[in-house]
Amino acid sequence: MSEHTEQLIVVLIKELEMHGLLIAAAQEMNTSVKTNSLEGVQASCRKYDELTCTIASLEEKRLFHSDTICNTSGIRHVNLLSVISHVAEPYKKRIIDLRMQIKEAIDELSKINFSNEILLKESLLNFHKTYEMLALYEETKLAGYKKHGKKAQPLRGTSFVNKVA
């Protein structure tokens, strides 16, 4: 039992570390959006995706060790609060501390992600407005009469932007 508890602590420490790196990637994305650095946004998105996959893998390990620790009671996919009641006294405080640190990291990450969402929506809206202005300019520029007195039809702008995304 203590072997799985020790492995659970190792997983939680790695998970906390990955959340710290995820926060850094989210902050990089925030800075890149503010400075209009497309390369920076792309790099931070790649890093963010990789870290998210790593955290998902760690979560699977956490669930495995948690399930194994709590196996005696027949509960599956338990949260850390449930695990704490099944571990020996020397491990409880460490797991409680790691749980709190991970929760704080997730809260901070949530705040940064909310800011990034707003910034990205504003950027997309600005891009869309600029595109609309360009399309409108093209329509008015090409409207009028041709050489032989026939009315020219303005070109309609086509959308190459996925408006749903």
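Here the structure is a predicted model, which means the values were calculated and not measured. In this chain, residues are counted from 1 in sequence order.
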Problem - Contact summary for V83 and C70, nearest pair of heavy atoms - result: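 Residues V83 and C70, closest heavy atoms: CA-SG, 3.8 Å.
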Practice task
Heavy atoms only: give me the nearest S44-A25 pair and the separation to one decimal.
Solution key: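 It is CB-O, 3.6 Å.
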Is the closest basic N to carboxylate O distance between [X] and [Y] below 4.0 Å?
| X | Y | value |
| --- | --- | --- |
| E59 | R62 | yes |
| D97 | K93 | yes |
| K121 | E117 | yes |

Problem - Short side-chain donor-acceptor distance under 3.5 Å, D49 and T52 - result: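 No donor-acceptor contact under 3.5 Å links the two side chains.
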Practice task
Verify the distance criterion only: is there a donor paired with an acceptor across the side chains of Y91 and E6 at less than 3.5 Å?
Solution key: yes
Practice task
Check the pair N113, Y48 against side chain to side chain contact (heavy atoms under 4.5 Å, CB included), reporting the backbone distance first and the verdict last.
Solution key: CA-CA 11 Å; N113 282 342; Y48 195 93; 2.7 Å; yes
Handout entry: Minimum side-chain heavy-atom gap V87-I95 below 4.5 Å
Key =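 Yes. Closest side-chain heavy atoms under 4.5 Å.
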Practice task
Kindly indicate whether the side chain of L12, heavy atoms from C-beta on, has any atom under 4.5 Å from the side chain of R99.
Solution key: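 L12 vs R99: side chains apart.
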Single-linkage hydrophobic cluster, 4.5 Å side-chain cutoff, [X] and [Y] together:
| X | Y | result |
| --- | --- | --- |
| L109 | L58 | yes |
| I69 | I13 | yes |
| I102 | I112 | no |
| I23 | L21 | yes |
| V41 | L119 | yes |

Practice task
Take the angle between the ring planes of H4 and F64 and call it parallel below 30°, perpendicular above 60°, tilted in between.
Solution key: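 Geometry flag for F64 against H4: perpendicular rings.
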How many angstroms lie between [atom1] in [X] and [atom2] in [Y], if you round to the nearest 0.5 Å?
| X | Y | atom1 | atom2 | answer |
| --- | --- | --- | --- | --- |
| M29 | K47 | CE | NZ | 10.5 Å |
| L16 | M100 | CG | CE | 12.0 Å |
| N116 | N30 | CG | CG | 4.5 Å |
| S66 | Q7 | OG | CD | 12.5 Å |
| S85 | L80 | OG | CG | 11.0 Å |
| K14 | S57 | NZ | OG | 9.5 Å |

Exercise for the section: Report yes or no: does T54 contribute a side-chain atom to a donor-acceptor pair with the main-chain N or O of E50 at less than 3.5 Å? Expected result: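 At least one qualifying donor-acceptor pair exists.
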Exercise for the section: Please answer whether the main-chain N or O of I106 pairs with a side-chain N or O of S110 as donor and acceptor at a distance below 3.5 Å. Expected result: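 No; judged by distance alone, with no hydrogens or angles, the pair does not exist.
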Practice task
Decide if atom NZ of K92 counts as having more than 12 heavy atoms of other residues, nucleotides or ligands within a radius under 6.0 Å.
Solution key: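 Result for NZ/K92: enclosed.
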Problem - side chain to side chain contact (heavy atoms under 4.5 Å, CB included) evaluation trace for L8 with T68 - result: CA-CA 10 Å; L8 175 64; T68 304; over 6 Å; no
